[in-house]
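The block underneath contains the structure these notes are about, expressed in structure tokens.
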4 protein chains.
Amino acid sequence: MEFNEHKPIYLQISENICEKVLTEEWQADERIPSVRELGSNLGVNPNTIMRTYEHLENLEIINNKRGVGFFVANDAREKIIRIQREQFLKDELPLIIRKMTLLGIKPSEVFEC
Amino acid sequence: MEFNEHKPIYLQISENICEKVLTEEWQADERIPSVRELGSNLGVNPNTIMRTYEHLENLEIINNKRGVGFFVANDAREKIIRIQREQFLKDELPLIIRKMTLLGIKPSEVFEC
Amino acid sequence: MEFNEHKPIYLQISENICEKVLTEEWQADERIPSVRELGSNLGVNPNTIMRTYEHLENLEIINNKRGVGFFVANDAREKIIRIQREQFLKDELPLIIRKMTLLGIKPSEVFEC
Amino acid sequence: MEFNEHKPIYLQISENICEKVLTEEWQADERIPSVRELGSNLGVNPNTIMRTYEHLENLEIINNKRGVGFFVANDAREKIIRIQREQFLKDELPLIIRKMTLLGIKPSEVFEC
DNA sequence: GTGGTCTAGACCACC
DNA sequence: GTGGTCTAGACCACA
């Protein structure tokens, strides 16, 4: 996996996992890889994966069965959509519109409306 | 000026200056404030401003006349537009579109097309 | 390490590192000292080393693995040779030849040909 | 006149003048331009020219007749040759040879011997 | 542990 | 006056 320069790796992995849930590549209640396994797959320190998992656990997108592993929460997909929609509409969209205006890019040029 | 938590101050100032150039509040070939002056205006250490100016000089958006000060490059506005358009269309837009698709947000809901 | 008066320390260190790579004292993909470590070795502030490393990273002679350290780029040696050869042949050599001509110094006097 | 980035302007002008004397474009005992005149010709602050002239006066390459102007010293050419030869052979040549060796450039490639 | 950013303050060369 | 470099020391996020 390739990482963006200026965003924490653990957050990028976190987003990647959310995408897997949104596309239903990972399904509700499914067990996800252990920190060591995912770490070695991605070429990343297991501590970093642990941090990702903690972060997702705080958001109640995954949960931990001690001694067993981490599992996708059963309402994970809905939760992600709710969180990300709110964040997108509230924080990101205004910045996008502002930037497009300054750069003279019209929505009709880049979106199919 | 108020600063966002998780982005370096020197970059935020840099973006702020680019906006000033885009809106033509600062014009081509115009002298911009000295590092000390801008620093005290913004309540920021002159070294931090220096860093901003180095960054903008690398992008050839401003240039330095030794012993005199920094000046807006004469093609600064075009350069900023070119750099930011390219970055937006190439890097940001695909992510935005993907995210909107995954979240089920239609362009027509949020943009005036 | 001893430093020349009229050239910035961070650049002198940078040149020193390039020599280490050229002579293969530091090899491709090898980890180089942390900013603190090299700083204390050379009796120089870590910030100054940081500046050196930023400079070399811009030239893509070293690169950074986050949280781990800086590494010699795998094509660093070739890159240095290319950059320095070009600079020497294009910028320095003409001046040298001109100066030798004006001063009446013949190449055969000072070089083994 | 165009100036190199990292060398003081007053020294670059100084070298330029030495060249004029070496090529005998400016001859012994000839009056040279006033600081204001040369300054406006080169697009440079007169103070900077003054510094150049002071520097050359210290080297006894030019001298000042008060109220009249600056003049090329009558043995200026010999003096410049002596100073620059020594400096070239002692300081610059060893660095040049070192660099050429490291970069694998042979004298016979670049000099007519 | 690593780099990265920031501050405060100093000193310098240069214009 | 200007920028440029350097130090000392702090704090932080990240791996």
Side-chain angles (χ1 to χ4, degrees), chain A residues 3 5-13 35 39 42-52 54-55, chain B residues 3 5-13 31-40 42-55 57 62-71, chain C residues 3 5-13 31-40 42-55 57 62-71, chain D residues 3 5-13 35 39 42-52 54-55:
Chain A
F3 297 106
E5 287 269 301
H6 295 295
K7 207 183 273 182
I9 291 178
Y10 83 95
L11 280 183
Q12 295 184 54
I13 296 172
V35 290
L42 301 180
V44 155
N45 191 308
N47 291 331
T48 306
I49 307 294
M50 194 59 221
R51 193 150 183 190
T52 299
E54 278 170 9
H55 177 240
Chain B
F3 297 108
E5 279 277 298
H6 294 294
K7 205 184 264 182
I9 292 179
Y10 81 94
L11 282 183
Q12 295 184 53
I13 297 173
R31 187 173 173 279
I32 67 178
S34 76
V35 290
R36 296 182 235 262
E37 194 181 343
L38 187 54
S40 87
L42 300 181
V44 154
N45 191 295
N47 286 335
T48 304
I49 306 294
M50 190 64 224
R51 203 142 179 213
T52 299
Y53 283 7
E54 272 173 13
H55 177 240
E57 201 181 14
I62 64 175
N63 42 49
N64 176 258
K65 286 192 193 141
R66 288 194 277 177
V68 184
F70 283 92
F71 293 73
Chain C
F3 297 108
E5 280 276 299
H6 294 295
K7 205 185 265 183
I9 292 179
Y10 81 95
L11 282 182
Q12 295 183 53
I13 297 173
R31 185 172 174 279
I32 67 178
S34 76
V35 290
R36 296 182 234 263
E37 193 181 343
L38 187 54
S40 88
L42 301 181
V44 155
N45 190 294
N47 286 334
T48 305
I49 307 294
M50 190 64 223
R51 201 143 181 211
T52 300
Y53 284 6
E54 271 173 15
H55 177 239
E57 201 181 14
I62 64 177
N63 42 49
N64 177 258
K65 288 193 193 139
R66 288 194 277 176
V68 184
F70 283 92
F71 293 73
Chain D
F3 298 105
E5 288 270 298
H6 295 296
K7 208 184 273 181
I9 291 178
Y10 83 95
L11 280 183
Q12 294 184 55
I13 297 172
V35 289
L42 301 181
V44 155
N45 190 307
N47 290 332
T48 306
I49 306 294
M50 194 58 222
R51 193 150 182 192
T52 299
E54 278 171 7
H55 177 242

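What you are looking at is a predicted structure, and each value in this text was computed from that prediction instead of being measured. Hydrogens, waters and symmetry mates are skipped; everything else that's a heavy atom, side chains included, is used. So you know, we letter chains A, B, ... as the sequences are listed, proteins then strands, and number each from 1.
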Can you check whether Tyr10(B) has a side-chain N or O nearer than 4.0 Å to OP1 or OP2 of dT5(E)? yes
dT5(E) phosphate, OP1 or OP2, under 4.0 Å from Arg51(B) side-chain N/O: yes
Is a donor on one side and an acceptor on the other found under 3.5 Å between the side chain of Thr52(D) and the backbone of Tyr10(D)?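 Yes, Thr52(D) side chain to Tyr10(D) backbone: donor-acceptor pair under 3.5 Å.
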Could you tell me whether the side chain of Arg31(C) and the main chain of Val68(C) form a donor-acceptor pair under 3.5 Å?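 Side chain of Arg31(C) to backbone of Val68(C), a donor-acceptor pair under 3.5 Å: yes, one is there.
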What are the two closest non-hydrogen atoms of Asn64(C) and Glu57(C), and how far apart are they?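 Result for this residue pair: CB-OE2, 3.5 Å.
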Nearest atoms (heavy-atom pairs only) where Phe3(D) meets Gln12(D): CA-OE1, 3.4 Å
Indicate, with a heavy-atom threshold strictly under 4.0 Å, whether Val44(D) touches base, sugar-phosphate, or nothing. nothing
What is the distance, rounded to the nearest whole Å, between atom [atom1] of [X] and atom [atom2] of [N]?
X: Glu37(C); N: dT2(E); atom1: CD; atom2: P; value: 7 Å
X: Leu11(A); N: dA15(F); atom1: CG; atom2: C1'; value: 13 Å
X: Lys7(C); N: dC14(E); atom1: NZ; atom2: P; value: 15 Å
X: Ile13(C); N: dT5(F); atom1: CD1; atom2: P; value: 13 Å
X: Glu5(A); N: dA15(F); atom1: CD; atom2: P; value: 12 Å
X: Phe3(A); N: dA15(F); atom1: CZ; atom2: C1'; value: 11 Å
X: Met50(D); N: dC14(E); atom1: CE; atom2: P; value: 17 Å
X: Tyr53(C); N: dT5(E); atom1: OH; atom2: P; value: 17 Å

Between atom CG of Leu38(C) and atom CZ of Phe70(C), what is the distance when rounded to the nearest 0.5 Å? 11.5 Å
Please round to the nearest 0.5 Å and tell me the distance separating atom CG of Asn45(A) and atom CZ of Arg66(C).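 Reported to 0.5 Å precision, the distance equals 13.0 Å.
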How do Ser34(C) and Thr48(D) order along DNA chain E: which one's closest nucleotide is nearer the 5' end?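 Nearer the 5' end of the strand: Ser34(C).
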Pairwise 5' ranking along DNA chain E for Gly67(B) and Val68(C), keeping only the more 5' one: Val68(C)
Using nucleotides 9-11 of chain E, report all nitrogen or oxygen pairs with the protein that are shorter than 3.5 Å.
unit_1, atom_1, unit_2, atom_2, d
dG9(E), O6, Asn47(B), ND2, 2.8

Given the rule that a pair is Watson-Crick or G-U wobble with both distances under 3.5 Å, how would you write DNA chain F in dot-bracket, using | for pairs to a different strand? ||||||||||||||.
